[in-house]
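Notes follow once the structure below has been shown.
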There are 2 protein chains.
Amino acid sequence: MEDSDSYILESQIGFVMRRVVQRHIAIFFSLIPDLTPTQFAALAKLCELGQASQNELGRLTSMDVATIKGVVDRLRGRGLVSAEPLATDKRRLILTPTPQGKALYRKLVSRAREVSQQTLSPLSEAESQQLMMLLRKLD
Amino acid sequence: MEDSDSYILESQIGFVMRRVVQRHIAIFFSLIPDLTPTQFAALAKLCELGQASQNELGRLTSMDVATIKGVVDRLRGRGLVSAEPLATDKRRLILTPTPQGKALYRKLVSRAREVSQQTLSPLSEAESQQLMMLLRKLD
DNA sequence: CAAAAATTGTTTGTGTACAAATAGACTGTG
DNA sequence: CACAGTCTATTTGTACACAAACAATTTTTG
């Protein structure tokens, strides 16, 4: 019966994940103060693709239309991404990384790998793989 | 050498966690549209404690001073939490859940448990425990 | 006890994140 | 071909999240 007494906030998956994400973002910032994780994700995906519409980039990086707009605007504002409307489909805004965007990405990518590594550093290799496998199932 | 080619955004712990958190928040909202996860966390912890200063509540729920202020302001605005300065230490703002706050918490707590359960539903019991154990190490 | 240090809370500014509404452009089907 | 439905992007509003700076108040310590 004492149903409400058994709710331990600290044991809830959402609470723990929020804390782990906070730690991860702090590590990211310590190694890559230049960009936020979200901005880096958008830039990385765009560099991988070479080119994409804003909407497409949002879908591929799991960002809402409003969110990706803000992120892209900031990347454009810093000259890392250029944008122009597509002639054959006037709805779309085609994004391309600028040379500076590509250069920055190349410069940061090894540090980004380091971020993932540091985040997982309390775990063994086997544990890290286990964790990734489990998280993927919740994706 | 082709170092930058081997960065797979989708395999990075940060990216995957961001997606898992997004899914969790969506589940939370579907079952508990009344409050955000953050608001519920603050209310839950305050109900557990009976009483706390704003700063203390923030620390216990892993919220920054500015964040906890916003969250508490909204809970106060809805009459779920009451606040008054502490006589013996005029810096502190003592928070207490109102009767409505307590009632809402009691009403929602079983649904909150359901949120955690649904979030973990793609995993077996053993896998869920494994995941929680691994996440705790990253905390 | 007095000055230095620490704590609590507020404010401001930037950056996600999502819902909902809108406008313009395309696509498909009748 | 028309028009209903879909897609892309923008805008607005709300809610975290954190850094940095500030004021007021303890607490520490020399």
Side-chain angles (χ1 to χ4, degrees), chain A residues 14-15 17-30 32-43 52-78 80-81 83-95, chain B residues 14-15 17-30 32-43 52-78 80-81 83-95:
Chain A
F15 188 82
M17 280 197 303
R18 193 168 120 258
R19 287 179 51 91
V20 173
V21 168
Q22 282 173 353
R23 174 170 164 275
H24 172 259
I25 291 175
I27 292 171
F28 194 103
F29 182 70
S30 75
I32 310 185
D34 315 75
L35 291 175
T36 65
T38 321
Q39 289 167 7
F40 182 79
L43 181 61
S53 78
Q54 186 173 282
N55 228 302
E56 195 184 346
L57 186 59
R59 275 194 305 273
L60 292 169
T61 52
S62 301
M63 294 178 213
D64 175 82
V65 287
T67 302
I68 191 65
K69 186 194 186 330
V71 172
V72 164
D73 282 354
R74 282 179 283 275
L75 291 174
R76 289 171 65 183
R78 293 180 50 183
L80 301 173
V81 164
E84 55 182 331
L86 179 59
T88 58
D89 185 347
K90 289 179 203 149
R91 292 169 304 179
R92 289 188 227 183
L93 190 63
I94 295 300
L95 307 177
Chain B
F15 188 80
M17 280 198 302
R18 193 168 120 260
R19 286 180 50 91
V20 174
V21 168
Q22 282 173 354
R23 173 171 164 275
H24 172 260
I25 292 175
I27 292 171
F28 194 103
F29 182 71
S30 74
I32 309 185
D34 315 72
L35 290 175
T36 66
T38 322
Q39 288 167 9
F40 182 78
L43 181 60
S53 78
Q54 186 173 282
N55 229 301
E56 193 184 348
L57 186 59
R59 275 194 305 273
L60 293 169
T61 52
S62 300
M63 295 179 213
D64 174 84
V65 286
T67 302
I68 191 66
K69 185 192 186 331
V71 172
V72 164
D73 282 354
R74 282 179 284 274
L75 291 174
R76 289 172 65 183
R78 292 180 50 185
L80 301 172
V81 164
E84 56 181 330
L86 179 60
T88 58
D89 183 347
K90 289 179 205 149
R91 293 170 305 179
R92 289 190 225 181
L93 190 62
I94 294 299
L95 307 176

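To find a chain, count down the sequence lines: A is the first, B the second, and so on, and within it residues start at 1. Every heavy atom of this structure was used, including side-chain atoms; hydrogens, water molecules and symmetry mates were not.
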*Value rounded to 0.5 Å, distance of CG in A:Asn55 from CD1 in A:Ile68*: 9.0 Å

*D:dC18 P sits how many Å from A:Arg19 CZ, rounded?*
11 Å

*C:dA17 P sits how many Å from A:Ile68 CD1, rounded?*
10 Å

_For atom CD1 of B:Ile94 and atom P of C:dT8, their distance in whole Å_ = 10 Å

*Give, for atom NE2 of A:His24 and atom CE of A:Met17, the distance between the pair rounded to the nearest 0.5 Å.*
14.0 Å

*If you check the B:Ala66 side chain, which of C:dT11, C:dT16, D:dA17 turns out closest?*
C:dT11

*So what does A:Thr36 hit on the nucleic acid, given a heavy-atom distance under 4.0 Å: a base, only sugar-phosphate, or nothing?*
sugar-phosphate

*From the options C:dG15, C:dT8, D:dC18, select the nucleotide whose nearest atom is closest to the side chain of B:Asn55.*
C:dT8

*Between D:dA24 and B:Arg92, is there an OP1 or OP2 to side-chain N/O distance shorter than 4.0 Å?*
no

_Toward the 5' end of DNA chain C, by each residue's nearest nucleotide, A:Asp89 or A:Thr38_ = A:Thr38

*State which of D:dT25, C:dA17, C:dC26 makes the closest approach to the side chain of A:Lys90.*
C:dC26

_Under 4.0 angstrom between A:Gln54 side-chain N/O and D:dT8 OP1 or OP2_ = no

*asked:* Below the 4.0 Å mark, does D:dC16 have OP1 or OP2 next to a side-chain nitrogen or oxygen of B:Gln39?
replied: yes

*asked:* Can you measure A:Asp64 atom CG to D:dT11 atom P for me and round it to whole angstrom units?
replied: 15 Å

*Atom NZ of B:Lys69 and atom CZ of B:Arg74: how far apart are they, to the nearest 0.5 Å?*
9.5 Å

*Roughly, in whole Å, what's the span from CG in A:Leu86 to C1' in D:dC7?*
13 Å

*More 5' along DNA chain C: B:Lys69 or A:Arg91, using each one's nearest nucleotide?*
B:Lys69

_Reported OG1-to-CZ distance for the pair A:Thr61 and B:Phe15, which is rounded to 0.5 angstrom_ = 6.0 Å

*Is the distance from OP1 or OP2 of D:dC16 to the nearest side-chain N or O of A:Arg18 less than 4.0 Å?*
no

*Which listed nucleotide (D:dT10, D:dC18, C:dT16) is nearest to the side chain of B:Thr67?*
D:dC18

*Quick one: A:Met63 CE to C:dA19 C1', roughly how many Å, whole number?*
18 Å

*How many Å lie between CZ on A:Arg78 and P on C:dT14, as a whole number?*
14 Å

*Any donor-acceptor pair under 3.5 Å linking the side chain of A:Arg91 with the backbone of A:Pro85?*
no

*For A:Thr61, answer base if it contacts any base atom (sugar-phosphate contacts may also be present), sugar-phosphate if it contacts only those atoms, and nothing otherwise; contact means non-hydrogen atoms under 4.0 Å.*
nothing

*Would you mind reading off the distance between A:Asp73 atom CG and C:dG15 atom C1', rounded to a whole angstrom?*
12 Å

